[in-house]
Chemist: 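Structure incoming, see below.
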Amino acid sequence: MYGGALLPSQQSMQLQSDLTISRKLREKFIEAKRVLALTGAGVSAESGVPTFRGGGGAAVWKGMPFDVISSAQMVSRDLAAVWEWFDYRRRLLSSLRPNPAHLELASWQTRFDDFRLVTQNIDGLHQLAGSKSVVELHGSICRARCLTCHARQEIDREGERSDACMQCGDLVRPDVVLFGEMLPSGAYEAAAAAAENCDLCFVIGTSALVYPAAALPTIARDAGAFVCEVNPERTPLSDLCDEVLTGKAGDVLPLISASVGI
Ligand code: OAD
């Protein structure tokens, strides 16, 4: 175990897999004060949550691509179908548990002076793992929002939900960002501020195709942060990253911690 310093002779560290955590990343991890982790669907893949893309396929629901069923137009055209898709996904999630990647990220929040976890996921698994103050860029499957007064209400992961707003009685919709919609007010601003101010940025399990989330690592890089990607596949961001760790988040994140002796 290293007491906060690297052994001078080691340029990189080979762990039990083929993966090598570079000396530079270990130094950055030890020295960093402000850390941003941006996560996407891949971080929940090992919990059993299907990703949207990657692995050669894209999600389809009853013949509709996910970007059609999860669109703002569908809320006006067929709210019941939108709820059917989100209820299905919420039921699927109710039996799923955080995996080692979620747990590792939860443990990192007390390691750094300032650790900001920004997720595109709506599954709530980061919070179940113990992460606090998670910036949810795309909302949560465990909340509904009124179409009229915009009041939000929690939905039990496993239980029934109401179709009506508790405040005004009008219909509610899933409190998630659908295709064609803006991000929740304040969420992107908080994430961009964290990106501008971080020393170290992890990009974990995202195809980096959906903006504005995909812009965050570039903001961090331009502001001088060391950027590290964790993904079994390359993405459009891979070339700008200082380090690309090719592997599953549930394997790689614990290896990063192990490489610095935590
Ligand atoms: P995607 O499904 O687009 O990408 C998942 C990424 O995870 C791919 O790059 C995979 O290679 C990677 N991956 C798969 N298994 C992994 C593992 N075990 N460990 C690490 N990475 C793994 O998911 P997102 O990038 O999150 O938005 O998608 C972004 C947004 O697109 C979603 O938030 C959603 C969707 O439209 C909305 O619904 C608004």
Side-chain angles (χ1 to χ4, degrees), residues 17 19 37-61 64-75 82-83 85-86 88-90 92-93 96-105 117-126 129 134-143 145 173-184 187-188 191 202-218 228-241 243-256:
S17 71
L19 201 68
L38 170 67
T39 65
V43 87
S44 294
E46 291 156 83
S47 293
V49 183
T51 58
F52 298 91
R53 314 171 185 84
V60 170
W61 167 252
M64 273 181 278
F66 69 89
D67 51 349
V68 173
I69 186 69
S70 295
S71 67
Q73 291 91 321
M74 277 301 282
V75 169
V82 173
W83 268 121
W85 158 240
F86 280 99
Y88 160 76
R89 290 173 67 192
R90 201 177 67 257
L92 182 75
L93 286 171
L96 304 183
R97 292 292 163 257
N99 67 55
H102 297 111
L103 297 171
E104 206 59 48
L105 286 166
L117 180 54
V118 176
T119 190
Q120 299 166 83
N121 299 345
I122 60 173
D123 56 33
L125 287 174
H126 282 305
V134 181
V135 177
E136 294 179 314
L137 288 177
H138 293 165
S140 171
I141 204 161
C142 299
R143 280 194 309 268
R145 188 173 84 232
R173 53 160 283 175
D175 188 24
V176 297
V177 175
L178 302 173
F179 281 88
E181 293 185 324
M182 307 287 283
L183 300 194
Y188 184 73
F202 287 98
V203 191
I204 307 160
T206 176
S207 58
L209 292 170
V210 175
Y211 281 79
L216 294 168
T218 309
C228 172
E229 179 173 68
V230 178
N231 198 312
E233 297 178 12
R234 287 189 71 79
T235 76
L237 288 179
S238 302
D239 285 341
L240 87 80
C241 290
E243 182 138 348
V244 175
L245 296 173
T246 305
K248 294 180 177 180
D251 296 332
V252 176
L253 300 188
L255 289 183
I256 294 172

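Both counts, for ligands and for their atoms, begin at 1 and track the order of listing.
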Chemist: Kindly give the heavy-atom pair with the smallest separation between P236 and S207, and that separation in Å.
Modeler: CD-O, 3.3 Å
Chemist: N/O of V43 under 3.5 Å from N/O of ligand 1, yes or no?
Modeler: no
Chemist: So between S207, A45, G139, whose heavy atom ends up nearest atom 3 (O) of ligand 1?
Modeler: S207
Chemist: E46 heavy atoms, cut-off 4.0 Å: which ligand 1 atoms fall inside?
Modeler: 17 (C), 18 (N), 19 (N)
Chemist: Below 3.5 Å, N or O to N or O, backbone or side chain included: is there any such pair between A249 and ligand 1?
Modeler: yes
Chemist: Please list, in number order, the atoms of ligand 1 under 4.0 Å from a heavy atom of Q120.
Modeler: 29 (C), 33 (O)
Chemist: Heavy atom to atom 30 (C) of ligand 1, shortest distance: which of V230, T119, V210, T235 holds it?
Modeler: V210
Chemist: List every atom of ligand 1 that sits less than 4.0 Å from any heavy atom of G40, numbering the atoms from 1 in the order shown and giving each element.
Modeler: 26 (O)
Chemist: Keeping the roles fixed (side chain from H138, backbone from V177), state whether a donor-acceptor pair exists under 3.5 Å.
Modeler: no
Chemist: Quick one: does any side-chain atom of S47 pair with a main-chain N or O of R97 as donor and acceptor, under 3.5 Å?
Modeler: yes
Chemist: Any non-hydrogen atom of L209 lying under 4.0 Å from ligand 1?
Modeler: no
Chemist: As an exercise, identify every atom of ligand 1 less than 4.0 angstrom from a heavy atom of P232.
Modeler: 13 (N), 16 (C), 20 (C), 21 (N), 22 (C)
Chemist: Return yes if some donor-acceptor pair links the side-chain N/O of E46 with the main-chain N/O of G250 below 3.5 Å, else return no.
Modeler: yes
Chemist: For a quick test of reading the model, state the closest non-hydrogen atom pair linking N231 to T235 and the distance between them.
Modeler: ND2-CG2, 3.6 Å
Chemist: Is there any N or O on F52 that sits under 3.5 Å from an N or O of ligand 1?
Modeler: yes
Chemist: Could you walk me through whether R89 and D123 pass salt bridge (charged side-chain N to carboxylate O under 4.0 Å, His left out), step by step?
Modeler: CA-CA 9 Å; R89 290 173 67 192; D123 56 33; over 6 Å; no
Chemist: Mind telling me whether H102 and H126 have parallel, tilted or perpendicular rings, with 30° and 60° as the class edges?
Modeler: perpendicular
Chemist: What I want to know is whether K248 and ligand 1 share at least one N or O pair that is separated by under 3.5 angstrom.
Modeler: no
